[in-house]
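Data block below; observations after.
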Amino acid sequence: MTSHRILVVEDDVAVAAGLVQGLKRAGFSLELATTGAQAVDTLRATAFDLVLLDLSLPERDGLGVLEQFRSRSSAPVIVLTARTGLPDRLKSFELGATDFVAKPFWFEELLARIRAHLRITAQREHQVVTWAGCRVDLDARQVLVDGHEVELTPTEFSVLVALVTNPGTAISRDRLARLASSHGEILGRTIDSHVARIRKKLGEGANAIKTVKAVGYRFDGSS
Amino acid sequence: MELSLALLSGAAVAGVLTAGALALGRRRRHEVERRLLSTLMHDLRTPLTSLQLTLGELAHHDAYSPDERATLHRAIEEAVGLRSFLENLQLVDAAVLARPEPTEVTPVPLHEQVERLRYRYELMARARKVSLEVSVVPVVVRADPRLVELLLSNLVEVSLRLTDTLVMIELRGGQGTFELTVSVPGVALPEPLRVDAFANQRQHQDRVSGLLTLALVASRLACESMGWQLLLASPETFHVKGPAT
């Protein structure tokens with residue numbers, strides 16, 4: 001029996017009831033928020049292992065909730081929505097969604113995805129990479145340079161993680177984009193500008209990110 | 001514009017203006033139709049989710065008479081069919097209007113999508129007492145994940161509706177290509193559907209055949225837009241082939 005804490009953010013009473021019932025039966029500990037504002041308050045007050053987030057919410061849109069949550073937590077967020085168009089899908093990933101499930105869905109598939117994301121998170125927990133005054137906490141999604149926190153966008157953080165978790169390996173731009181994005185939301189041709197912004201923020205530590213001519217980048221930092 | 005109008009006779013001008021107005025009217029009508037369909041889709045998705053969650057919950061209980069269980073199974077099948085109908089209608093409608101939805105080309109782990117089918121069709125397979133056998137090797141393709149999902153779902157769902165024993169899904173890859181087969185051993189696609197299986201929507205006497213045809217047409221459109229090949233390798237086997245990374 002698992003005791004993972006999940007926040008369900010869903011304004012439709014029937015869908016929320018179905019999710020809560022199914023997840024409780026699966027052994028999860030749950031909280032429910034039915035508005036965007038309530039979700040933000042709950043997320044601020046309590047730590048969750050995973051969030052199920054509807055996008056069309058009263059008071060505050062789900063994308064706004066996601067953006068705010070991502071600035072403080074790396075817990076997986078699965079977007080569950082009837083807004084299935086490409087712009088919402090891309091925006092969700094850009095803001096740090098872990099997965100995107102279009103309504104309608106079957107509970108069994110959602111449960112399989114939840115378990116997969118929790119498993120991946122558990123394997124990644126408490127990984128920290130340090131070099132040249134830089135400290136990247138993969139779990140907390142926090143970057144410190146000379147002891148001071150620097151802010152990276154979700155995409156920049158993902159690119160940096162892809163680099164520092166493959167030290168000494170030349171990674172092509174396309175592969176870097178694939179490694180940094182769970183659903184292809186980052187394009188290979190945009191990697192250069194992401195890396196340039198990361199370098200600016202890392203100070204001396206930026207020297208560890210080497211450009212590999214005609215290939216891409218390599219991280220040469222050492223812990 | 002003024003110059004070109006001056007070069008035309010009065011009758012020709014009237015003809016051009018009428019044709020232009022008709023084309024504009026048609027475009028607007030298509031736009032309105034598309035917006036209406038899109039709103040309908042959006043508004044149906046949430047209640048259908050609630051329906052599916054409720055059916056899933058009910059399916060976990062045991063205390064049903066055989067008649068009650070049969071009714072529950074029919075409801076599950078109808079919900080599965082309605083979901084596919086929504087997804088397929090959107091794709092086919094966009095193709096008919098020659099205005100395809102924007103696509104997102106991205107690396108897609110095909111084997112993961114195939115594995116997910118087990119969960120998506122677990123209830124329906126259980127209701128029909130059909131086994132889903134999945135055999136995959138890791139294959140990554142560059143495609144729109146939504147189209148891949150729609151294609152796989154359609155082929156498996158059509159197969160599930162044709163058999164009462166087994167659906168086999170096999171994914172093979174190598175040398176820059178992949179091959180996927182979905183088969184129902186010993187059970188054939190009905191004769192009327194076999195001829196031009198993936199051709200455009202036709203009139204059918206029964207609702208199930210209509211749904212199957214829509215699924216097959218949408219599968220063809222999805223394959224075409226991704227540059228993949230889809231064929232009926234035998235009356236009981238769908239075969240998809242395309243490039244892998």
Side-chain angles (χ1 to χ4, degrees), chain A residues 8 10-26 52 54-56 80-93 99-116 172 174-188, chain B residues 38-61 76 79-80 82-87 90 100-109 112-113 115-126 140-147 149-150 153 245:
Chain A
V8 177
E10 170 64 63
D11 67 321
D12 186 273
V13 176
V15 173
L19 285 172
V20 167
Q21 204 167 4
L23 290 168
K24 274 190 178 165
R25 183 166 37 76
L52 296 177
D54 185 19
L55 289 186
S56 300
L80 302 176
T81 183
R83 283 159 46 181
T84 59
L86 189 57
D88 278 315
R89 188 176 284 258
L90 293 179
K91 191 72 184 167
S92 297
F93 286 124
D99 203 351
F100 188 102
V101 178
K103 290 177 180 174
F105 53 84
W106 288 97
F107 184 75
E108 281 70 16
E109 185 179 347
L110 177 66
L111 190 58
R113 288 181 188 236
I114 288 172
R115 287 183 171 145
S172 72
D174 279 344
R175 178 147 182 264
L176 196 50
R178 282 202 300 277
L179 288 171
S181 51
S182 51
H183 291 77
E185 62 275 15
I186 304 171
L187 300 174
Chain B
S38 175
T39 307
L40 273 173
M41 301 286 185
H42 178 271
D43 291 351
L44 281 172
R45 284 177 186 279
T46 298
L48 190 50
T49 305
S50 159
L51 180 65
Q52 290 188 178
L53 288 171
T54 306
L55 290 171
E57 188 59 36
L58 290 173
H60 277 91
H61 298 291
I76 288 170
V80 169
L82 188 52
R83 179 194 199 277
S84 312
F85 177 73
L86 276 179
E87 308 292 353
Q90 199 155 12
E101 299 280 332
T103 54
E104 168 198 17
V105 178
T106 179
V108 178
E112 287 179 13
Q113 292 247 19
E115 288 283 2
R116 251 179 232 150
L117 294 166
R118 285 184 204 268
Y119 302 106
R120 189 168 308 145
Y121 288 102
E122 185 184 326
L123 277 184
M124 184 171 168
R126 211 190 310 154
V140 176
V141 295
R142 285 190 63 79
D144 186 320
R146 291 173 302 174
L147 291 178
E149 185 179 316
L150 181 138
S153 297
T245 59

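Residue numbers start from 1 in every chain, and the chains themselves are labelled A, B, ... in the order their sequence lines are given, proteins ahead of strands. Since we're looking at a predicted model, the values are computed, not measured.
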Toward chain A, the part of [X] with a non-hydrogen atom under 4.5 Å:
X       : value
V80(B)  : both
T46(B)  : both
L123(B) : side chain
I76(B)  : both

Main-chain N/O of P104(A) paired with R83(B) side-chain donor or acceptor, under 3.5 Å: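 Pair found, side chain donor or acceptor close to backbone of P104(A).
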Expected output: side-chain T49(B) to main-chain V15(A) donor-acceptor under 3.5 Å: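 Pair absent, no side-chain N/O of T49(B) close to backbone of V15(A).
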Under 4.5 Å from any heavy atom of chain B - which part of T84(A):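 Both backbone and side chain of T84(A) come within 4.5 Å of chain B.
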Engaged part of L19(A) at the chain B interface, taking heavy atoms whose separation is under 4.5 Å: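 Backbone plus side chain of L19(A), per the 4.5 Å heavy-atom cut-off to chain B.
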Derivation of the salt bridge (charged side-chain N to carboxylate O under 4.0 Å, His left out) call for E87(B) and R45(B): CA-CA 10 Å; E87(B) 308 292 353; R45(B) 284 177 186 279; 2.9 Å; yes
Nearest-0.5 Å distance that lies between atom CG in L80(A) and atom CZ in R113(A):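 L80(A) atom CG to R113(A) atom CZ measures 9.5 Å (nearest 0.5 Å).
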Non-hydrogen side-chain atoms of L53(B) and Q21(A) separated by less than 4.5 Å: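 They are not in contact (no side-chain heavy atoms under 4.5 Å apart), so the answer is no.
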